[in-house]
Amino acid sequence: MTQIPELATTVVGSGPGILLAHGASGSVADNYGVLTQVLAEGHTVVGSDYPGSGATPRAASGFTLDELADAVVDAAVGAGVETFTVIGFSLGTTVAVRAATRHPERVRGLVLTAGFAKADNQIELSLGLWQHLLERGDADGFVRMRTVNGFSVEFLNGLPEEQFAQLLDLGPAGLPLGVVEQAALGRVADTREDLAAIAVPTLVIATTRDFLVDPANSRYLADRIPGARYAEVDAGHVVMAERPAEWQELIEKFLAEHDL
């Protein structure tokens, strides 16, 4: 069994619990920076970086979805947050669903954005190319591919030259070390058999201009999770960069309606 290192975890705010599950190649700060501060006004928000992201050390080898789901749940409970709504983005949606089925006594609700139950051919090709580039040391090629995957054409073409250049700049920290393992997990994760057992309020948010995770994957989740609510945002994969206010509003309204 793989030993996942202790996850670097932040806890902010007070009130009902929220657990954040980020996407591959991201971190809690990258995917949820602004949203964390907003939600912390009325919730206790817990966020853990996966192995090789943020301040969490890289795992000695790959890890399974069960292991990652257990690790983020354990980090929240260890921080004193016993029950929570899980907000998952991209790969984090598989973590969220698996957490709900493995720890039903902990999970009170789910918000799944730009998610999937199992990688389709488009996701498989993209994540496989991420691995191919990184295993050959082509960080520049990876960041360009991730940018093509991550944003809508309209968003990219509307960026000023300086902001566009910033998207391609890895900065002094460089690449998260765990991207290869995270991409590998995304290629094999499979929560299709989990969906019918979800028994908590669920919001599924599709990103309709997504080149990495086609919105059909979100519709699949919504159709198979009992009672799930489905919503769309007209954005590319990285919705928190393209349409943060619209995304935030959907989440806040859902949490309020279900007293989560």
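Nothing fancy with the numbering, it's 1 onward along the sequence. The shown structure was predicted, so the numbers you read here are calculated from the model rather than taken from an experiment.
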Examine Phe84 and Leu39 and state if one hydrophobic cluster contains both, with Ile, Leu, Val, Met, Phe, Trp and Tyr joined whenever side-chain heavy atoms are less than 4.5 Å apart. no

Quick one: do the Thr101 and Asp194 side chains pair a donor with an acceptor below 3.5 Å? yes

Is the count of non-hydrogen atoms from other residues, nucleotides or ligands lying under 6.0 Å from Glu82 atom CD greater than 12? yes

Check this for me: Glu249, atom CD, are more than 12 non-hydrogen atoms of other residues, nucleotides or ligands nearer than 6.0 Å? no

Hey, does the side chain of Arg209 reach the backbone of Val153 with a donor-acceptor pair shorter than 3.5 angstrom? no

Take Val95 and Leu65, measure what side-chain contact (heavy atoms from CB on, under 4.5 Å) needs, and give me the verdict at the end. CA-CA 7 Å; Val95 177; Leu65 183 59; 3.9 Å; yes

Give a yes-or-no answer on whether the side chains of His103 and Asp70 include a donor-acceptor pair shorter than 3.5 Å. yes

Just checking Glu162: does its CD atom have more than 12 heavy atoms from other residues, nucleotides or ligands closer to it than 6.0 angstrom? no

Transitively linked via ILVMFWY side-chain contacts under 4.5 Å: Leu255 with Val45? yes

Asp120 side chain vs Asn217 backbone, donor-acceptor pair below 3.5 Å: no

Contact check, side chains of Thr207 and Pro215, non-hydrogen atoms, under 4.5 Å: no

Nearest 0.5 Å, what's the CD1-CG distance between Ile87 and Leu20? 5.5 Å

Considering all heavy atoms, the nearest Ala24-Trp130 contact: O-CZ3, 3.9 Å

Would you check if the distance from the ring center of Phe89 to the ring center of His237 is below 6.0 Å? yes

Rounded distance (nearest 0.5 Å) linking atom CD of Glu232 with atom CD of Glu246: 10.0 Å

Closest heavy-atom contact between Asn149 and Asp210? O-OD1, 4.2 Å

Nearest non-hydrogen partners of Arg144 and Leu168, listed with the distance: NH1-CD1, 3.8 Å

Determine, step by step, whether Val34 and Met240 satisfy the side-chain contact (heavy atoms from CB on, under 4.5 Å) criterion, reporting the C-alpha distance in whole Å, the side-chain angles of both residues, the deciding distance to 0.1 Å, and the verdict. CA-CA 9 Å; Val34 174; Met240 61 285 300; over 6 Å; no

Examine distances only and state if a side-chain atom of Asp49 and a backbone atom of Val28 form a donor-acceptor pair shorter than 3.5 Å. yes

Shortest non-hydrogen pair, Glu242 vs Gly150, comes out as OE2-O, 4.3 Å

Roughly how far, to the nearest 0.5 Å, is the NE2 atom of His43 from the OG1 atom of Thr36? 12.5 Å

Does Arg187 use its side chain to pair, donor to acceptor, with the backbone of Leu125 at less than 3.5 Å? no

Stepwise side-chain contact (heavy atoms from CB on, under 4.5 Å) test for Thr85 and Leu110: CA-CA 6 Å; Thr85 296; Leu110 294 175; 5.9 Å; no

Are Leu167 and Leu156 packed together at the side-chain level, in the sense that at least one heavy-atom pair is separated by less than 4.5 angstrom? yes

Report the relative orientation of the aromatic rings in Phe254 and His258; use parallel for angles under 30°, tilted for 30 to 60°, perpendicular for over 60°. tilted

Under a plain distance cut-off of 3.5 Å, with no hydrogens placed, do Thr113 and Trp247 share a side-chain donor-acceptor pair? yes

Closest contact, heavy atoms only, Val72 versus Ser48: CG1-CB, 4.4 Å

If you draw a 6.0 Å radius around CD in Glu6, do more than 12 non-hydrogen atoms from other residues or ligands fall strictly inside? no

Evaluate the side-chain proximity of Phe63 to Gln182: yes if any heavy-atom separation is below 4.5 Å, no if none is. yes

Is the shortest distance from a Lys or Arg side-chain nitrogen in Arg219 or Asp223 to a carboxylate oxygen in the other one below 4.0 Å? no

Test item: side-chain donor near acceptor, Ser27 and Ser53, under 3.5 Å: no

For residues Val77 and Leu68: do they belong to one hydrophobic cluster (side chain heavy atoms under 4.5 Å, members Ile, Leu, Val, Met, Phe, Trp, Tyr)? yes

Examine Ile205 and Tyr32 and state if one hydrophobic cluster contains both, with Ile, Leu, Val, Met, Phe, Trp and Tyr joined whenever side-chain heavy atoms are less than 4.5 Å apart. yes

Could you tell me whether the side chain of Leu112 reaches within less than 4.5 Å of the side chain of Thr202, counting heavy atoms only? yes

Please round to the nearest 0.5 Å and tell me the distance separating atom CE of Met145 and atom CG of Leu127. 9.0 Å

Counting only heavy atoms not in Glu193, do more than 12 sit closer than 6.0 Å to its CD atom? no

Do Arg146 and Ser25 get their side chains close enough for a donor-acceptor pair, meaning under 3.5 Å? yes

Is there a continuous path of hydrophobic side-chain contacts, each under 4.5 Å between heavy atoms, that joins Leu250 to Val213? no

Can a cation-pi geometry be assigned to Arg224 and Tyr220, taking NZ or CZ under 6.0 Å from the six-membered ring centre and within 45° of the ring axis? yes

Aromatic contact, His22 with Tyr50 (centres under 6.0 Å): yes

Nearest heavy-atom approach of Ala75 to Thr9 is CB-OG1, 3.5 Å

Check whether any side-chain heavy atom of Arg229 lies under 4.5 Å from a side-chain heavy atom of Val204, and answer yes or no. no

If you define the side chain from C-beta out and look only at heavy atoms, does anything of Thr44 sit under 4.5 Å from Val11? yes

Below 4.5 Å, heavy atoms only, C-beta onward: do Thr83 and Val107 meet side chain to side chain? no

Go through the steps for Val97 and Thr93 under the test side-chain contact (heavy atoms from CB on, under 4.5 Å), then give the verdict. CA-CA 6 Å; Val97 167; Thr93 63; 5.5 Å; no

Are any of the side-chain heavy atoms of Val81 and Leu19 separated by less than 4.5 Å? no

N-O pairing of Arg136 and Asp138 below 4.0 Å: no

